[in-house]
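Report on the following structure.
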Amino acid sequence: MLIDINNCYVSFERVFNPRLNGLPVVVASNNDGCVVARSNEAKALGIRMGVPIFQIQEIIRKHKVQVYSSNYELYADMSARVMQVISSIVPEVEQYSIDEAFVDLKTYPDEMVPPLARRLKETLAQWIGVPVSIGVASTKTLAKVANRLAKKGPGIKILSDLEALAILEKYPVEDLWGIGHRITGRLNTMGITYAGQLLRMPPAWIRKDFNVNILRLVTELKGSPCISLELEAAKRKGIGSAKSFGKPLSVLSQIQEAASNYVAACASKLRTQKERATILNVFIQTNYFSASSPQYSNSIQVCLPVASNLDAVLIREVNAALRKIFRPGYAYKRVGVLLTGFVPESQVNLNLFCTPETAAATSAQTVMDKLNERMGRGTVRSAAQGFKKEWKMIQRKVSPRYTTQLSELIRVKV
DNA sequence: TCTGGGGTCCTAGGACCC
DNA sequence: TCTGGGGTCCTAGGACCC
């Protein structure tokens with residue numbers, strides 16, 4: 001079973017702002033750049049996923065489209081609530097993304113499945129206030145197909161393998177889970193436009209001319225599971241952060257301030273998975289959309305002398321790396337950091353030529369983490385993370401963090 | 001004027017080993 | 001005229017996902 005929140009971010013906004021119901025609503029990406037979520041009314045106006053906001057200003061004005069900045073603190077918390085409700089009803093749940101969960105129904109008899117699906121849908125509507133679509137089939141890939149059918153119809157679709165065969169005859173290949181625009185292009189030039197056609201191609205040919213993922217996909221479409229349920233969240237193999245600035249920056253120290261904040265956020269995530277990084281990548285770039293201004297981008301990889309997950313250590317390394325790749329005279333648009341080469345916290349190789357991390361440094365970090373957990377993110381932080389925040393992103397219309405900040409609780413007039 | 005962010009996996013090719 | 005066979009590991013680039 002695949003449970004998917006309809007128009008996820010828009011639905012979360014509507015929970016706290018019901019007057020948005022029935023209106024065209026879109027949620028924008030960072031810096032209010034592109035459309036990342038659309039209500040059905042917005043979709044009906046022809047607003048495409050990912051389109052830059054400035055290109056649809058006309059439509060927005062004419063149809064009074066409600067544009068919201070993305071509020072990930074709110075969305076992450078709402079998503080966690082949805083997942084919690086699902087887990088309270090069914091035991092085997094894989095959270096696949098912020099708005100999707102796969103559920104294992106192996107232990108449920110067939111006749112139990114429709115009432116279970118209805119119960120999940122109704123409970124999420126009543127307890128959280130969000131609409132979901134539910135698709136059920138014999139493999140993950142077919143559940144994705146079923147979910148898509150559910151979205152167009154009554155909200156729940158239980159798809160048998162037999163019915164799937166018929167449906168796939170007129171199911172465009174680009175709508176399949178795992179087929180993107182590049183593979184679609186290649187398939188289309190071969191005359192393959194529907195999933196049913198792909199299904200009839202010889203497996204050996206698919207393996208040879210494409211790759212093992214496409215072969216798995218086709219096998220799943222035939223009803224044989226190849227992709228299993230991942231009940232335990234895997235540890236990240238890389239943790240990165242890269243964001244566009246609200247405005248172009250030319251001063252090294254301002255870029256360093258941004259990068260210090262990004263790497264501190266990465267380090268915090270790394271600590272929660274109890275690992276340390278041995279490799280740090282840093283990159284900067286100018287605005288590649290701006291054809292008229294001089295372009296420059298560069299990146300650097302640093303192998304840390306001793307693996308670390310401490311803000312202070314990583315901020316120092318990031319700033320040193322930036323000094324090496326920064327060139328004056330450019331208007332920079334983006335900086336990014338990436339931590340990789342993780343080792344368990346308890347298995348750090350020391351280095352003959354370096355002083356190992358002191359116990360004091362580690363416990364200082366622990367105290368900071370505890371304070372921040374209790375008092376809110378960023379309560380205690382490195383001075384390098386700055387105060388001016390010249391780099392901060394544009395959020396013209398961001399809704400309150402209703403569920404995670406006491407000062408932003410919803411007000412109700414009785 | 002204005003164009004997102006954070007991930008995973010696979011493959012080909014290069015470099016190396018005995 | 002003729003120049004082996006069987007591997008591993010790493011990386012960049014490509015493709016995909018939400």
Side-chain angles (χ1 to χ4, degrees), chain A residues 2-9 26-38 48-58 60 67-72 75-76 79 94-102 140-141 144 147-148 173-187 206-217 226-227 230 233-248 258 262-263 265-266 269-270 273 279 281 283 285-293 299 301 303 331 333-342 393-396:
Chain A
L2 175 64
I3 307 171
D4 185 311
I5 303 169
N6 299 345
N7 313 330
C8 179
Y9 300 162
V26 301
V27 174
S29 62
N30 283 359
N31 283 315
D32 296 340
C34 298
V35 170
V36 292
R38 305 158 294 158
R48 285 170 300 116
M49 184 66 171
V51 70
I53 301 275
F54 76 88
Q55 287 178 4
I56 55 165
Q57 283 303 346
E58 191 68 13
I60 290 173
V67 182
Y68 279 80
S69 304
S70 38
N71 182 348
Y72 286 106
Y75 305 157
S79 168
E94 170 192 344
Q95 179 173 354
Y96 174 66
S97 74
I98 196 164
D99 72 330
E100 288 168 275
F102 284 106
K140 277 183 164 179
T141 307
K144 275 273 187 184
N147 194 284
R148 203 178 179 85
V173 284
E174 65 258 39
D175 292 346
L176 290 169
W177 187 43
I179 305 279
H181 77 284
R182 302 304 285 255
I183 306 277
T184 298
R186 285 177 60 195
L187 288 171
I206 293 170
R207 178 69 185 88
K208 191 170 149 289
D209 277 36
F210 291 90
N211 60 45
V212 70
N213 288 325
I214 311 293
L215 181 58
R216 285 192 189 117
L217 181 157
C226 296
I227 308 169
E230 307 290 336
K235 286 186 174 174
R236 299 266 161 272
K237 293 173 178 172
I239 298 174
S241 181
K243 285 189 243 296
S244 305
F245 309 132
K247 60 179 186 193
Y262 302 168
V263 81
C266 295
K269 286 185 192 171
L270 188 54
Q273 66 177 40
I279 298 170
N281 279 282
F283 66 88
Q285 52 191 223
T286 49
N287 183 359
Y288 48 78
F289 285 111
S290 171
S292 56
S293 52
S299 69
Q301 184 170 76
C303 296
K333 183 64 180 165
R334 209 161 101 101
V335 66
V337 301
L338 176 65
L339 300 175
T340 52
F342 298 157
M393 63 183 173
I394 295 163
Q395 288 186 301
R396 283 189 191 84

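Keep in mind that the numbers below use all heavy atoms, side chains included, and drop hydrogens, waters and symmetry copies.
For dC17(C), neither phosphate oxygen OP1 nor OP2 lies less than 4.0 angstrom from any side-chain nitrogen or oxygen of R182(A). Distances shorter than 4.0 Å separate some side-chain N or O of S241(A) from OP1 or OP2 on dG6(B). For the OP1/OP2 pair of dT11(B) and a distance below 4.0 Å, the side-chain nitrogens and oxygens of K208(A) include no atom meeting the criterion. Within the 4.0 Å cut-off from OP1 or OP2 of dC2(B), not a single side-chain nitrogen or oxygen of K247(A) is found. An OP1 or OP2 oxygen of dG4(B) is reached within less than 4.0 angstrom by no side-chain nitrogen or oxygen of R334(A). Regarding contacts with the backbone of dT3(B), a side-chain N or O of K333(A) is found under 4.0 angstrom from either OP1 or OP2.
If you check every strand for non-hydrogen atoms under 4.0 Å, G50(A) touches nothing. D99(A) comes within 4.0 angstrom of sugar-phosphate atoms only, judged by non-hydrogen atoms across all strands, and of no base. Across all strands shown, Y288(A) has no heavy atoms under 4.0 Å from either base or sugar-phosphate atoms. Residue L176(A) is in sugar-phosphate contact alone, with no base atom involved, counting any heavy-atom pair closer than 4.0 Å across all strands shown. Contact annotation for V212(A): backbone-only contact, meaning every heavy-atom pair under 4.0 Å involves sugar-phosphate atoms and none involves a base. Residue contacts for Q57(A): at a heavy-atom cut-off of 4.0 Å it reaches no nucleic acid atom on any strand shown.
Distance from the side chain of P52(A) is smallest for dT3(B) among the nucleotides dC18(C), dG5(B), dT3(B). Comparing dT8(B), dA15(C), dC17(C) against the side chain of K237(A) picks out dT8(B) as the nearest. Side-chain proximity of K269(A) to dG7(B), dC10(B), dG5(B): nearest is dG7(B). Here the nucleotide nearest the side chain of I183(A), chosen from dG5(B), dG4(B), dA15(C), is dA15(C). Distances from the side chain of N211(A) to the nucleotides dG4(B), dT11(B), dC2(B) place dT11(B) closest.
In terms of position on DNA chain B, the residue among N31(A) and R396(A) whose nearest nucleotide sits closer to the 5' end is R396(A).
Taking the C1' atoms as reference points, dC17(C) lies 15 Å from dG4(B), given to the whole Å.
At whole-Å resolution of the value, CG in L339(A) and P in dG5(B) are 17 Å apart. Between the P atom of dC16(C) and the CG atom of L217(A) lies a distance of 11 Å, rounded to the nearest Å. Between the C1' atom of dC18(C) and the CG atom of N6(A) lies a distance of 15 Å, rounded to the nearest Å. Here dG6(B) presents its P atom at 12 Å from CD1 of I239(A), a figure rounded to the nearest Å. Rounded to a whole Å, the CG atom of L2(A) is 14 Å from the P atom of dC17(C). The CD atom of Q95(A) sits 15 Å away from the C1' atom of dC17(C) (whole-angstrom rounding). Taking atom CG of N287(A) as the reference point, atom C1' of dG4(B) lies 13 Å away to the nearest angstrom. Here dT8(B) presents its P atom at 14 Å from NZ of K235(A), a figure rounded to the nearest Å.
At least one side-chain heavy atom of N30(A) sits under 4.5 Å from a side-chain heavy atom of S70(A).
Every ring pair (Phe, Tyr, Trp, His ring centres under 6.0 Å) that Y75(A) has, sequence neighbours left out, goes to Y9(A), Y72(A).
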**Prompt:** L187(A) and F210(A): side-chain contact (heavy atoms from CB on, under 4.5 Å), yes or no, with the steps?
**Reply:** CA-CA 10 Å; L187(A) 288 171; F210(A) 291 90; 3.6 Å; yes

**Message:** For W177(A) and K140(A): C-alpha separation, side-chain torsions, deciding distance, then whether side-chain contact (heavy atoms from CB on, under 4.5 Å) applies.
**Reply:** CA-CA 9 Å; W177(A) 187 43; K140(A) 277 183 164 179; 3.7 Å; yes

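Judged by a 6.0 Å distance limit and a 45° cone about the ring axis, K235(A) is not positioned over the six-membered ring of F342(A).
Of the candidates D99(A), I5(A), I98(A), S79(A) forms a side-chain contact (heavy atoms from CB on, under 4.5 Å) with just one, namely I98(A).
Annotated stems with DNA chain C as a participant read B:5-18 with C:5-18, given as range with range, by first number; only runs of 3 or more Watson-Crick or G-U pairs under 3.5 Å qualify.
In summary, E100(A) and K144(A) engage in a salt bridge, as defined by a charged side-chain N under 4.0 Å from a carboxylate O.
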